[in-house]
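For reference, the structure is listed below as structure tokens.
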Amino acid sequence: MATGTSTEVRAATGARASAPSNPGNRLGGFVDRHTRLVFAGPAVALILLILAFPIGYTLYLSLTQWTGSLTRDPQWVGLDNYIRIFTDDPRFWDAFSRTMAFTVGTVVVQTVLGVALAVLLHRELRLRGLLRSVMLMPMIATPVAIALIWRLMFQPDLGIFNQILNAVGLPGSTWLANEKLALPLLAVVDTWEWTPLIALITLAGLTALPVEPLEAAQIDRANAWQRFWHVTLPMVRPVIVVALVFRLIDAIKTFDIIFVMTQGGPGFATETLNLYIYNTAFQYQKLGYASALLIVFFALVFVLTGLTLSFRRARD
């Protein structure tokens, strides 16, 4: 009886082994073995497609000469557009210098003010919640609305700034019509709008810091500045670098407030790379050359971001 039973068990086991496996089980096994590919793969492929096609098409157009005409195909010119950018386009270099001046100036000032504001709001203050809410208001409004309000405030005849100057007996100014003042004033508006972003990110980092190092520094009789400079700042530096990278990428491609407030004027005094590319493409109808400018601009953003991140890794 035992021998017969064992034979039957072995026969049943062999029959199950020789039987075709269930397709559902095969699919489940594949999903178990390739979980990342199955769940993340479609999203990654879609993102790559969304990013790759515009970049690839822009790169193709940058090697052509095209006015956007539907009846005339782009004419292949190779690297001529890039050669012209770096050897025969002083307007590009002027726009590049303004872009770098605007970007570096705004990011440095916003980082200093944002960190200082975050440290202030991290303290135990009365109405701290209200102050934090008020701090976020410039960042919540749309940039176009902010630009329109500031443009009205800088208006020579009806603007509030000239009214204040006249009230104290000082002459008014042309403000945005002044070639020397226009770009710094745009930097002031950008700083007013986006300093709260750096403050918010830094405040989140300060909230997550451990208290033991600060208590140890206090026991060692370090004053408030020493505790901040030697303890708090090194611990919160990675968070500040993240905020700085966000602002660096956003500041270098600032378009809306400049376009609304000055449209690159007076003359070309506030024409940054973004506005130059826009004017080249849609005002002068040189889409091939504008695409080459856009590729150079993309490379500039990529390099600056990489340098910032490499600096963070070197400091860490």
Side-chain angles (χ1 to χ4, degrees), residues 54-55 57-59 61-62 64-68 81-82 84-110 138 141-156 174-194 197 246-305:
I55 294 175
Y57 188 65
T58 302
L59 183 61
L61 285 182
S62 70
T64 67
Q65 183 178 358
W66 188 42
T67 61
N81 288 330
Y82 293 97
R84 178 186 169 191
I85 289 173
F86 293 107
T87 61
D88 192 27
D89 190 357
R91 189 171 168 182
F92 164 79
W93 291 109
D94 291 340
F96 172 80
S97 62
R98 294 188 203 100
T99 302
M100 295 307 299
F102 178 86
T103 301
V104 173
T106 55
V107 170
V108 169
V109 174
Q110 289 170 24
T142 59
V144 173
I146 289 175
L148 288 172
I149 294 173
W150 278 91
R151 181 179 177 181
L152 180 61
M153 293 167 63
F154 285 127
Q155 213 275 339
T174 53
W175 300 113
L176 296 175
N178 189 319
E179 292 185 359
K180 296 181 179 180
L181 288 178
L183 192 62
L185 291 176
L186 291 174
V188 169
V189 176
D190 190 79
T191 300
W192 177 84
E193 181 180 8
W194 293 114
L197 176 64
F246 286 158
R247 280 305 303 141
L248 181 69
I249 296 174
D250 201 39
I252 201 173
K253 59 186 182 66
T254 300
F255 177 82
D256 27 31
I257 66 169
I258 301 177
F259 184 79
V260 172
M261 294 182 66
T262 65
Q263 296 185 355
F268 301 119
T270 59
E271 185 182 64
T272 58
L273 280 177
N274 252 343
L275 259 72
Y276 180 41
I277 295 170
Y278 174 85
N279 290 331
T280 302
F282 300 107
Q283 184 174 353
Y284 308 136
Q285 297 296 313
K286 297 179 180 179
L287 271 71
Y289 190 64
S291 298
L293 290 170
L294 199 58
I295 293 296
V296 173
F297 183 68
F298 175 79
L300 174 63
V301 175
F302 184 80
V303 169
L304 287 178
T305 305

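Note that the structure is predicted; figures quoted are calculated from it, not measured.
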As an exercise, state the distance from OG1 of Thr67 to CG of Leu287, rounded to the nearest 0.5 Å.
7.5 Å
Rounded to the nearest 0.5 Å, what separates atom CZ in Phe297 from atom CD1 in Ile277?
6.0 Å
For Ser62, check side chain to side chain donor-acceptor pair (under 3.5 Å) against everything at least two apart and list the hits.
Tyr82
Within 6.0 Å of CD in Gln65, more than 12 heavy atoms from elsewhere
no
Taking only residues two or more places apart in sequence or in another chain, which ones pass side chain to side chain contact (heavy atoms under 4.5 Å, CB included) with Pro156?
Asn162
Under 3.5 Å donor-acceptor, Arg247 side chain and Trp194 backbone
no
Parallel, tilted or perpendicular: ring planes of Phe154 versus Trp175, cut at 30 and 60 degrees
tilted
Might you point out which heavy atoms bring Val260 and Leu148 nearest each other, and give the distance in Å?
CG1-CD2, 3.5 Å
Correct closest heavy-atom pair for Asn81 and Ala292 would be CB-CB, 3.6 Å
Applying side-chain hydrogen bond (donor to acceptor under 3.5 Å, both in side chains) as the test, list every pair that has at least one member in residues 252-267; sequence neighbours left out.
Asp250-Lys253, Thr262-Thr270
Glu271 meets the side chain to side chain contact (heavy atoms under 4.5 Å, CB included) criterion, sequence neighbours left out, with Arg91, Arg98, Phe268, Leu275, Tyr276, Asn279
For the residue pair Val296 and Phe96, establish whether any side-chain heavy-atom pair is separated by less than 4.5 Å.
no
In sequence, state the C-alpha distance, the side-chain angles, and the governing distance for Phe298 and Thr58, and then conclude on side-chain contact (heavy atoms from CB on, under 4.5 Å).
CA-CA 11 Å; Phe298 175 79; Thr58 302; over 6 Å; no
Mind checking what makes side chain to side chain contact (heavy atoms under 4.5 Å, CB included) contact with Pro266, not counting sequence neighbours?
Glu179, Ala182, Ala269
Spacing of Asn274 atom CG and Ile252 atom CD1 [to the nearest 0.5 Å]:
9.0 Å
Contacts satisfying side-chain hydrogen bond (donor to acceptor under 3.5 Å, both in side chains) that involve residues 285-304 (not counting sequence neighbours) are Asp89-Tyr289
Going through the distances and angles, do Phe102 and Thr106 end up as a side-chain contact (heavy atoms from CB on, under 4.5 Å)?
CA-CA 6 Å; Phe102 178 86; Thr106 55; 4.0 Å; yes
In Å and rounded to the nearest 0.5 Å, what is the CG to OG1 distance from Leu300 to Thr99?
8.0 Å
Parallel, tilted or perpendicular: rings of Phe255 and Phe259 (30°, 60°):
parallel
Please say whether more than 12 non-hydrogen atoms of neighbouring residues, nucleotides or ligands are located less than 6.0 Å from OH in Tyr284.
yes
Give the intermediate values and the outcome of side-chain contact (heavy atoms from CB on, under 4.5 Å) for residues Val301 and Ile249.
CA-CA 6 Å; Val301 175; Ile249 296 174; 4.2 Å; yes
Rounded to the nearest 0.5 Å, the OG1 atom of Thr174 sits from the NZ atom of Lys180 at a distance of 11.5 Å
Atom CG of Leu185 and atom CG of Asp190: how far apart are they, to the nearest 0.5 Å?
12.5 Å
